[in-house]
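Lettering follows sequence order; numbering is per chain, from 1.
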Amino acid sequence: MNGMLTLRDVHFAYADGTPALQGVSLDIPRGGKTAIVGANGAGKSTLFLTLNGTLRPSQGEIKLDGRLMTYGRRDLEQWRRQVGLVFQDPDVQLFSASVEQDISFGPLNMGLTEDEVRRRVEEALIATGTEPLRNRPVHALSYGQKKRVSIAGVYAMQPDVMVLDEPLAWLDPAGQQEILALLAQLHRAGTTLVMAVHQMDVVADWADMVIVLQAGQVIYQGAPQGVLAQQERLLSVGLTPPWPVQVFHDLRLAGLPLEGEPPLTRAALTEQIVRAWPKK
Amino acid sequence: MSGNFIVGQYIPGTSPLHKLDPRTKLIMVFAYTIGLFFLPTWLPVLLAGIPLGIAVYASRLPWRYLLLGLRPLWILLVITFLLHLLGGSSTAPPAPEDVWATLGPWTITGTGAATGFTTVLRLAWLFSAASLLTLTTSPMMVTHGLERLLGPLKRWRFPAHELAMMTSIALRFIPTLQEEMDKIIKAQAARGSSWRYGSWTRRAQALVALMVPLLLSALRRADDLAVAMEARGYQGGEGRTAHHPLQMTRIDRWLLIITALAGITIILWRWA
Ligand SMILES: Nc1ncnc2c1ncn2[C@@H]1O[C@H](COP(=O)(O)OP(=O)(O)OP(=O)(O)O)[C@@H](O)[C@H]1O
Ligand SMILES: [Mg+2]
């Protein structure tokens, strides 16, 4: 398999003994859009911190581009350049005094020329729509603005893989659409995307691969259809199926003779209903 | 409210003051601060407002901004003035011709009024100069200038890069910690605890109850900060992009010469 990032039997426990990852094995396909789902506390954020070497597993191995990662300085440098991580909590990620300064932090660490740093910062400011905020102090931004700035800070590093921890949480619908549009643009440009999401509707629309985490273990990796359509299974791990799947089951219970797999999208649901509609 | 005043609030612009090298501005504010404390009486201190006025004019910022910046300070200024005015500083009985009025235990003297006025002016000028610096210099440039100024000390293993980085991080987190304290105080007040009233032991307990979560949250923040910096490839100063040397223009050089001359004049005058 052409895995960009490959994890084999990765274990991680926090200092207080909480076992957060318990034998995770997964493959992030190159150029793919992978959604990582799981209930609160399933281990998504912990997993993400291991994906760019910020947390070091107590056991197991991680391969980037087929190369086994060690935790030497050289390796880490390369790793963080290739895998960019957008934190779940922007207040944790953003620590510089101004927006522009924060965005330039990563590129400066990469030792690029000053002109190149400036060019990338400009590009990131424009692409994420944060240009008007460039001189604002970070702590005075709204939550949604902070989210964008944290994406901009990683965008400017131009990683091959961008890992985003709940980038849509707390955003209004318009804000979510804008972030999704930005991600689509990155994806077209060849960036491999990995994102933790709670809304299964978004997963159904967006992802081409889904990984389900439960209590620190991967219980599913594969196409969205394979898991999102399974209402009972999702509910049993604390997730809510996409709304078309729910409506599909409700209609069937109410006696409408729907056939086939539960649909993931509105269009597919409508089509099934029209087909099953008692003809007059 | 403590929350909405921000010392680091930069206002972008293209004025002559904005264009100065950050190092020039840092040195000038530093020299100005020291100079203010060498000036002995109210008249020279008042006159020290002139260069400040010129600087404000050169910044093309509305005067309002500076006054707004002084707003959180005004209680401090009033108290300082009153303390001096009411003779808080003198130990010897005042000369009779100096006394303006007597209010019960307090004697209001001309000297008291003058020192009060001088101290208040000093504080106001100092604070205005510092805010003028942050109003016209982006935090990035402040950090950058600071790092370059302290750079020569690296030879003696002085952590210039780390210090500059810390300064900029501190600028970022002061308001956050303030907010956090506010939140904890409110959360505790909502459950009936306050260090503002009650017996001394109760107040002390409440204060400990405030400090512990504040300290814990500061420690957790420090931890998070380390993770966030590492995740974006930070491995200390070496290997980072080296900035082009900041460019001092002729104006910068002239201003530094003038600052030096003014400093020498004040020192000679005070020694003579
Ligand atoms: N710093 C920490 N110290 C100790 N335990 C932690 C720490 N961070 C997370 N945990 C624990 O590790 C487990 C996994 O947490 P993690 O944050 O990875 O979950 P998550 O899937 O991201 O959850 P959420 O959807 O709430 O963000 C949880 O049991 C959590 O309590
Ligand atoms: Mg999480």
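- Taking a 6.0 Å sphere around CE of B/M248, one finds it holds more than 12 heavy atoms contributed by other residues, nucleotides or ligands.
- At a heavy-atom separation below 4.5 angstrom, chain A is approached by B/R221, B/D224, B/L225, B/V227, B/A228 within residues 217-228 of chain B.
- For A/Q93 against B/R232, the heavy-atom pair with the smallest separation is O-NH2, 3.2 Å.
- If you measure heavy-atom distances from A/D89 to chain B, you find no contacts under 4.5 Å at all.
- Among A/R80, A/R56, A/R73, the single residue meeting the salt bridge (charged side-chain N to carboxylate O under 4.0 Å, His left out) criterion with B/E230 is A/R80.
- In this structure, the portion of A/F87 lying under 4.5 Å from any heavy atom of chain B is its side chain and not its backbone.
- In plain terms, the two heavy atoms of B/M229 and A/F105 that are nearest each other are O-CE2, 3.8 Å.
- A side-chain N or O of B/T143 and one of A/Q101 form a donor-acceptor pair less than 3.5 Å apart.
- Remark: side-chain polar atoms of A/N52 are paired, donor with acceptor, to backbone N or O of B/A231 under 3.5 angstrom.
- Around the CG atom of B/L76, the shell of radius 6.0 Å holds more than 12 heavy atoms that belong to other residues, nucleotides or ligands.
- Taking a 6.0 Å sphere around CZ of B/F30, one finds it holds 12 or fewer heavy atoms contributed by other residues, nucleotides or ligands.
- Remark: A/Y71 OH is packed, more than 12 non-hydrogen atoms of other residues, nucleotides or ligands lying under 6.0 Å away.
- Looking at A/L49, the atoms closer than 4.5 Å to chain B (heavy atoms on both sides) all sit in the side chain, from C-beta outward.
- The part of A/V117 that comes within reach of chain B is its side chain, from C-beta onward, which places non-hydrogen atoms under 4.5 angstrom from that chain.
- Neither the backbone nor the side chain of A/P159 comes within less than 4.5 Å of any heavy atom of chain B.
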